[in-house]
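Written out below as structure tokens is the structure these notes cover.
One is the number of the first residue; the rest follow in order along the sequence. All figures in this text were calculated on a predicted structure; none of them were measured in a lab.
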Amino acid sequence: MIPLVAPVLPDLPDNCLTRNDWICGKYYETRSAELTDALVQHIGIVLASVGLGLLVAIPLALLARRYRRLEGIIVGTTTAIYTIPSLALFSLLVPVTGLGSRTVLIGLSLYTLTILVRAILDGLKAVPAEVRESALGVGYDARRLLWRVEVPLALPAFMSGLRVATVSSVALTTVGSILDYGGLGTLIVEDSTFRAQVLAGSVLCVALAITLDVVLVLAQRLMTPWSRRARA
């Protein structure tokens with residue numbers, strides 16, 4: 001009869017990784033490449049989804065403004081999409097687009113439409129009628145009126161919507177990690193018991209949202225210098 005012998009486990013070094021601390025400098029030293037890849041993937045999907053949403057939102061908003069009968073349909077449809085929970089929306093898209101970043105990109109773009117279409121419409125509607133009449137009176141055609149007068153005056157409302165769409169996309173992109181696309185969400189859901197990794201993924205998400213919002217605020221200040229002079 002062979003005697004039972006307890007297996008000999010190797011002695012693990014005592015450090016913050018083996019102790020599973022929340023704050024662990026060794027984690028950042030050993031996983032810096034993984035963190036960088038996840039952050040780059042996250043930024044890429046956020047910028048691509050907001051950009052795609054913007055490309056679709058602009059013509060939709062212009063159509064809604066030009067043809068008032070379409071306004072209710074367009075605004076109502078985009079609002080209805082926003083009421084669908086993100087997990088359910090991604091699940092509905094998977095049979096068509098499959099697992100991966102493409103599904104996350106399309107899903108997030110659909111969510112941005114609600115915010116962007118409304119922001120563009122509100123901005124254009126806020127342009128004073130007398131300003132339009134003055135521009136038409138000096139010979140502006142419809143295209144010049146839009147791009148030279150209405151769009152600049154609508155920029156503050158439009159940029160506010162763009163900020164909300166961007167920050168919300170940073171948060172919703174983490175949900176897309178269930179589709180195995182990568183990003184910071186993967187760090188959080190991959191092993192929820194690995195404290196340093198969960199904290200790193202969460203902190204980077206918050207830092208990214210704040211950074212992108214600050215960048216958009218600065219861009220708005222550069223594009224609308226007249227608003228600063230008006231406040232002064």
Given Thr77 and Leu113, is the side-chain contact (heavy atoms from CB on, under 4.5 Å) satisfied, shown in steps? CA-CA 10 Å; Thr77 303; Leu113 288 181; over 6 Å; no

Between Leu187 and Val189, is there a shared hydrophobic cluster once you connect ILVMFWY residues whose side-chain heavy atoms come closer than 4.5 Å? no

For the side chain of Tyr140 and the backbone of Ser134, is there at least one donor-acceptor N/O pair under 3.5 Å apart? no

Could you grab the distance from atom CD1 of Ile74 to atom OG1 of Thr79, nearest 0.5 Å is fine? 11.5 Å

Residue pairs fulfilling side-chain hydrogen bond (donor to acceptor under 3.5 Å, both in side chains) with at least one residue in residues 145-168, sequence neighbours excluded: Arg65-Glu150, Arg132-Glu150, Arg163-Asp213

Rounded to the nearest 0.5 Å, what's the gap from CD on Gln197 to CG on Asn20? Could you check? 10.5 Å

Quick one: do Ile115 and Val167 end up in the same hydrophobic cluster if we chain Ile, Leu, Val, Met, Phe, Trp and Tyr together by side-chain heavy atoms under 4.5 Å apart? no

Nearest-0.5 Å distance, CG of residue Leu39 to CG of residue Leu184: 5.5 Å

Show your reasoning for whether side-chain contact (heavy atoms from CB on, under 4.5 Å) applies to Tyr27 and Leu35. CA-CA 10 Å; Tyr27 168 77; Leu35 288 171; 3.7 Å; yes

Single-linkage hydrophobic cluster Val127~Ile120, side-chain heavy atoms < 4.5 angstrom: no

How close do Leu145 and Ala135 get, heavy atom to heavy atom, and via which atoms? CD1-CB, 3.5 Å

Which residues pass the salt bridge (Lys or Arg N to Asp or Glu O under 4.0 Å) test with Glu190, sequence neighbours left out? none

Please determine whether a side-chain nitrogen of the Lys or Arg among Asp141 and Arg143 lies less than 4.0 Å from a carboxylate oxygen of the Asp or Glu. no

Can you give me the closest heavy-atom contact between Phe90 and Val104, atom names plus distance? CE2-CA, 4.0 Å

Does the pair Ser202 and Ile188 meet the rule for a side-chain contact (heavy atoms from CB on, under 4.5 Å), with working shown? CA-CA 7 Å; Ser202 303; Ile188 299 173; 3.9 Å; yes

Is there a side-chain hydrogen bond (donor to acceptor under 3.5 Å, both in side chains) between Thr78 and Arg118 once you walk through the steps? CA-CA 9 Å; Thr78 55; Arg118 284 180 177 273; 5.7 Å; no

As a test of understanding, state which of Leu208, Ile210, Leu204, Val203 forms a side-chain contact (heavy atoms from CB on, under 4.5 Å) with Val206. Ile210

Looking only at non-hydrogen atoms, find the nearest pair between Leu146 and Pro152 and report the distance. O-CD, 4.3 Å

Tyr28 atom OH, over 12 foreign heavy atoms within 6.0 Å: yes

Is the number of heavy atoms from other residues, nucleotides or ligands within 6.0 Å of CD1 (Ile81) greater than 12? yes

Give me each pair satisfying side-chain hydrogen bond (donor to acceptor under 3.5 Å, both in side chains) with a member in residues 32-50, each pair once, sequence neighbours excluded. none

Is the shortest heavy-atom distance from the side chain of Leu54 to the side chain of Phe158 under 4.5 Å? yes

Decide if atom CZ of Arg19 counts as having more than 12 heavy atoms of other residues, nucleotides or ligands within a radius under 6.0 Å. yes

Tell me whether Val56 shares a hydrophobic cluster with Val46, the cluster being built from Ile, Leu, Val, Met, Phe, Trp, Tyr side chains joined at under 4.5 Å. yes

Identify whether Val217 and Leu116 are in the same connected component of the hydrophobic contact network (ILVMFWY, side-chain heavy atoms under 4.5 Å). no

Leu172 and Ser86 have their tightest heavy-atom pair at CD2-CB, 4.1 Å

Residues that Thr193 engages under side chain to side chain donor-acceptor pair (under 3.5 Å), provided they are two or more places apart: Asp191

Taking every non-hydrogen atom, the tightest pair across Ser169 and Leu108: O-CD1, 4.2 Å

Considering only heavy atoms from C-beta outward, does the side chain of Leu87 approach that of Val175 to under 4.5 Å? yes

Over all atoms of both residues, closest heavy-atom pair of Phe194 and Arg31: CE1-NH1, 3.6 Å

Partner residues of Leu93 under the side chain to side chain contact (heavy atoms under 4.5 Å, CB included) criterion, sequence neighbours left out: Leu89, Thr97, Thr103, Ile106

Could I get the full list of side chain to side chain donor-acceptor pair (under 3.5 Å) partners for Lys26, not counting sequence neighbours? none

